[in-house]
Amino acid sequence: MTHDPGLPLVPRVIDWFAENARDLPWRSPDRTAWGVLVSEVMLQQTPVVRVEPAWRAWMAAWPEPADLAAASTADVLRAWDRLGYPRRALRLQECARTIVERHGGRVPTEEAELLALPGVGSYTAAAVRAFAYGRRSVVLDTNVRRVLARTAAGAALPGPSQTVAEVRLAESLVPADDATAARWAAASMELGALVCTARSPRCDACPVADLCVWRTAGYPPDVHASRRRTQGFAGTDRQVRGRVMALLRSALEPVPLDEVEAAWPDRAQLTRCVDGLVTDGLVTVVPHPGGPDAGPPTYRLPH
DNA sequence: AAACCGGGGAG
DNA sequence: CTCCCAGGTTT
């Protein structure tokens, strides 16, 4: 390691980041605030490797908020492809429309303005301020939570939900000036993504291994392990919704009811899920041309 | 605080 | 097979 053992945690991680940052398109010098916002929404629960190609295609199609605001929702949902949680795509388009109507087509800079946008929560608002505008903010995502849990709190993993104490700890570490704070935000996230990983951390490559409380304590096990439960996916409504959306994304014409029903064996569950998709605005029902009594409807993505 | 919301790849 | 991923919204 080339780090200075005398340096505290924050500058060491920042120095490490200068040498080890991934070359991601939303970090390019010619990135826009809109591009950063799009990346942050896509990265909500979707890994970087799957976001990158979708982000490139998305930004080529809709380089500014006004472009996305004017797009067909069906095109938007197809471009979202299989990133998962397609309500995020809807919110991102609503977000673009809000930016056009309320902010003249420019991504706002104030935290309260960002938080008021659809699909933007505390993490995304802080991330946009830091990465798009270089402003000081407390960026606390799953990576930073894990880095702080280990290095400072001595825990194997952070708890299931974010606590006030964690936010305070994170706040206490953020450098005072804008540029360094923004660098720390990116650096701490990157350390969590590349070195201080959840499954098998690469402590041999960690610039702060010698001052990590978790490591010094001999890697005590995760105290939340017994309470942690996996979400499960097979057979859930989420899987059924995904099936239906995949079917409609690939369809060039509205899909007849019987073909939608063929996508899942449990009729009651399928009906519930399709109704939910309609309620969410992800699916549109096209009544039978002769009226509801003349025959079954067809289904398509919203225009 | 807990539930809900996708999908894929690593281990 | 389980776990995890640059979370947000709703109840």
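Proteins get letters first, then strands, A, B, ... in listed order; numbering begins at 1 in each.
Heavy-atom neighbours of R22(A) CZ from other residues, nucleotides or ligands within 6.0 Å: above the threshold of 12. Other residues, nucleotides and ligands contribute over 12 non-hydrogen atoms within 6.0 Å of the CZ atom of R272(A).
The residue L92(A) sits apart from the nucleic acid: no heavy atom pair falls under 4.0 Å. Across all strands, W26(A) comes closer than 4.0 Å to base atoms (heavy-atom distances). No contact: S200(A) has no heavy atom under 4.0 Å from any strand. Contact annotation for S39(A): no contact, since no heavy-atom pair falls under 4.0 Å across all strands.
When the options T124(A), V120(A), V51(A), D141(A) are evaluated for a side-chain contact (heavy atoms from CB on, under 4.5 Å) with E40(A), the one that passes is T124(A). Partner T73(A) forms a side-chain hydrogen bond (donor to acceptor under 3.5 Å, both in side chains) with one of H303(A), R78(A), Q93(A) and no other, that one being Q93(A).
Spacing between dG8(B) and dT9(C) at atom C1', rounded to whole Å, works out to 24 Å. On the C1' atoms, dG6(B) is 13 Å away from dC4(C), given to the nearest whole Å. When the C1' atom is used for both dC5(B) and dC5(C), the distance is 14 Å, rounded to whole Å. The gap from the P atom of dA6(C) to that of dG11(B) amounts to 14 Å, rounded to the nearest Å.
Contacts between residues 55-66 of chain A and DNA chain C, counted as heavy-atom distances below 4.0 Å, involve no residue at all.
With R150(A) contributing its side chain and A156(A) its backbone, the two residues share a donor-acceptor pair below 3.5 Å. With hydrogens and angles ignored, the 3.5 Å screen pairs a side-chain donor or acceptor of R31(A) with a backbone N or O of S28(A). In this structure a side-chain-to-backbone donor-acceptor pair under 3.5 Å is missing from R106(A) to A33(A). Using a distance-only test at 3.5 Å, with no hydrogens or angles considered, no donor-acceptor pair links the side chain of W214(A) to the main chain of G218(A). Although no hydrogens or angles enter the test, the distance criterion places no donor-acceptor pair under 3.5 Å between the side chain of R27(A) and the main chain of F131(A).
Pairs of residues two or more places apart, or lying in two chains, that qualify as salt bridge (Lys or Arg N to Asp or Glu O under 4.0 Å) and include a residue from residues 247-262 of chain A are E261(A)-R267(A).
Nucleotides of DNA chain B that come within less than 4.0 Å of any heavy atom of chain A span, from the 5' end to the 3' end, dA3(B) to dG11(B).
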Got a list of protein N/O to nucleotides 9-11 of chain C N/O distances below 3.5 Å?
from   : atom 1 : to      : atom 2 : distance (Å)
dT9(C) : OP1    : G119(A) : N      : 3.0

Give each protein N/O atom lying under 3.5 Å from an N/O atom of nucleotides 1-5 of chain C, with the pair distance.
from   : atom 1 : to      : atom 2 : distance (Å)
dC3(C) : OP2    : T230(A) : OG1    : 3.4
dC3(C) : O2     : R199(A) : NH2    : 2.8
dC5(C) : OP1    : R146(A) : NH1    : 2.4

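Nearest-nucleotide assignment on DNA chain B puts the 5′-proximal partner with Q162(A), out of R238(A) and Q162(A). Summary of the strand contacts: P86(A) and V49(A) both lie near DNA chain B, and taking for each the nucleotide with the nearest heavy atom, the more 5' one is attributed to P86(A).
In this structure, Y123(A) atom OH and dG8(C) atom C1' are separated by 13 Å, rounded to whole Å. Atom CZ in F17(A) sits roughly 14 Å away from atom P in dA6(C) (whole-Å rounding).
For W62(A), the side-chain hydrogen bond (donor to acceptor under 3.5 Å, both in side chains) criterion is met by no residue, not counting sequence neighbours.
The residues R136(A) and E171(A) are annotated as salt-bridged, a charged nitrogen and a carboxylate oxygen being separated by less than 4.0 angstrom.
With hydrophobic clusters built from ILVMFWY side chains whose heavy atoms lie under 4.5 angstrom apart, V283(A) does not share a cluster with Y85(A).
When all heavy atoms of H224(A) and L157(A) are compared, the closest pair comes out as ND1-O, 4.1 Å.
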